[in-house]
Asker: 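The structure is given below, and queries will be raised subsequently.
Worth knowing before you read on, the calculation uses all heavy atoms, side chains too, and leaves out hydrogens, waters and symmetry mates. When a ligand or atom number is given, it counts from 1 through the structure's own listing order. Throughout, residue positions are numbered sequentially from 1 according to the sequence presented.
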Amino acid sequence: MFENLFVDYNGAIQHIIINRESKLNALNKNTLAELHTAIYDAFNNDRVGGIIITGAGQKAFVAGADISEFSSFDSSQGEQLARNGHRLVFNQIENGKKPVIAAINGFALGGGLELALACHIRIASDNAKMGLPEVSLGLIPGYGGTQRLSQLVGKGKAFEMILTGDMITAQDALQWGLVNHVVPQDELISKAEEILNKILTRSPLAIETAIGVINSATQPGVDGYEKEIQGFAKSFNTPDFKEGVSAFLEKRKPDFQRK
Ligand code: COA
């Protein structure tokens, strides 16, 4: 049972709803700890194939890290805040073995946009607004935003968003490649489920390998092409590969076992 999250299941999908609506779902310490636990549980629960993260209510996905919690922090407390966040939640999601989709249902600001950036796929509702406004607080993004935003939209647009601190609309985010789809708010979860359910028909083991190899493209000192060769080769020894190829040749749907 969580204080600041609502966790629900629909088939093999685990929904995680950040549930602090009165604070626009701002990420306080407890919410981050609960997110870590909920994601850990999902990654280790055989009945869960993937995760959709969204925010409670119709106004905000997450309006950032909880400003009231760090208002009196010094540099070493700030470092600890960022380091723990990276490790416990943001890197956990990005490098996880199951697909995670952010369903951005309103404001995704600061740590909220960084949470969405750590997810593998982003879908936004047409009322969503996204930004990294930290410079207006005398800070810079601290949960991976400077790196992941540039990777998605390129350095030029990342400079503009981070240096102005301005929010962009869902339509701009779509045009910039920051989100994959924009849909009306009442279709947001069904669109995210549609995409995730498609992914869940594929080999979970191949999905896990693909996530790791795609991520290696942005890991310093890691040769992504070599990782791809190794991941590709390893796949041939898996029962999932045998099942996938047999199903194709027998003109039937595969029954993958994550093996
Ligand atoms: N941290 C803590 N509390 C937050 C918050 C955050 N990041 N974002 C919103 N809240 C709280 C507000 O303090 C307010 O609480 P209160 O009712 O107890 O006073 C409540 O959520 C509603 O927010 P409010 O500002 O009244 O809503 P709004 O519609 O006028 O404005 C925003 C919406 C998103 C533009 C505005 O809340 C905002 O700018 N939030 C901060 C965004 C930010 O800088 N994030 C990066 C943090 S590093």
Asker: Got an N/O contact under 3.5 Å between K23 and ligand 1?
Answerer: yes
Asker: Please report whether ligand 1 has a polar contact with A63, defined as an N or O pair separated by less than 3.5 Å (distance criterion only).
Answerer: yes
Asker: Answer with yes or no whether the side chains of N10 and E193 bring together a donor and an acceptor at under 3.5 Å.
Answerer: yes
Asker: Would you say I67 and ligand 1 have an N/O pair spaced under 3.5 Å apart?
Answerer: yes
Asker: Answer yes or no for atom 6 (C) of ligand 1: protein heavy atom present at a distance under 4.0 Å?
Answerer: yes
Asker: How about atom 28 (P) of ligand 1: does it have a protein heavy atom within less than 4.0 Å?
Answerer: yes
Asker: Would P133 count as a contact residue for ligand 1, given that I'm defining contact as a non-hydrogen atom of the residue lying under 4.0 Å from a ligand atom?
Answerer: yes
Asker: Quick one: does K227's side chain have a donor or acceptor within less than 3.5 Å of a partner on V213's backbone?
Answerer: no
Asker: Protein non-hydrogen atoms only, distance under 4.0 Å: does atom 42 (C) of ligand 1 have such a neighbour?
Answerer: yes
Asker: Side chains of Q230 and E226: donor-acceptor distance under 3.5 Å anywhere?
Answerer: yes
Asker: If we only count N/O pairs under 3.5 Å, is A65 in contact with ligand 1?
Answerer: yes
Asker: If you scan the protein for heavy atoms around atom 23 (O) of ligand 1, do you find one that is closer than 4.0 Å?
Answerer: yes
Asker: Is any side-chain heavy atom of L109 less than 4.5 Å from a side-chain heavy atom of L132?
Answerer: no
Asker: Using a 3.5 Å cut-off on N or O atoms only, is K59 in polar contact with ligand 1?
Answerer: yes
Asker: My question is simple, although I want it checked carefully: is atom 33 (C) of ligand 1 less than 4.0 angstrom from any protein heavy atom?
Answerer: yes
Asker: Heavy atoms of the protein only: does one fall short of 4.0 Å from atom 19 (O) of ligand 1?
Answerer: no
Asker: Please state which part of S136 comes within less than 4.0 Å of ligand 1, counting heavy atoms only: side chain, backbone, both or neither.
Answerer: neither
Asker: Indicate whether the side chain of T54 and that of N105 have a donor and an acceptor atom separated by less than 3.5 Å.
Answerer: yes
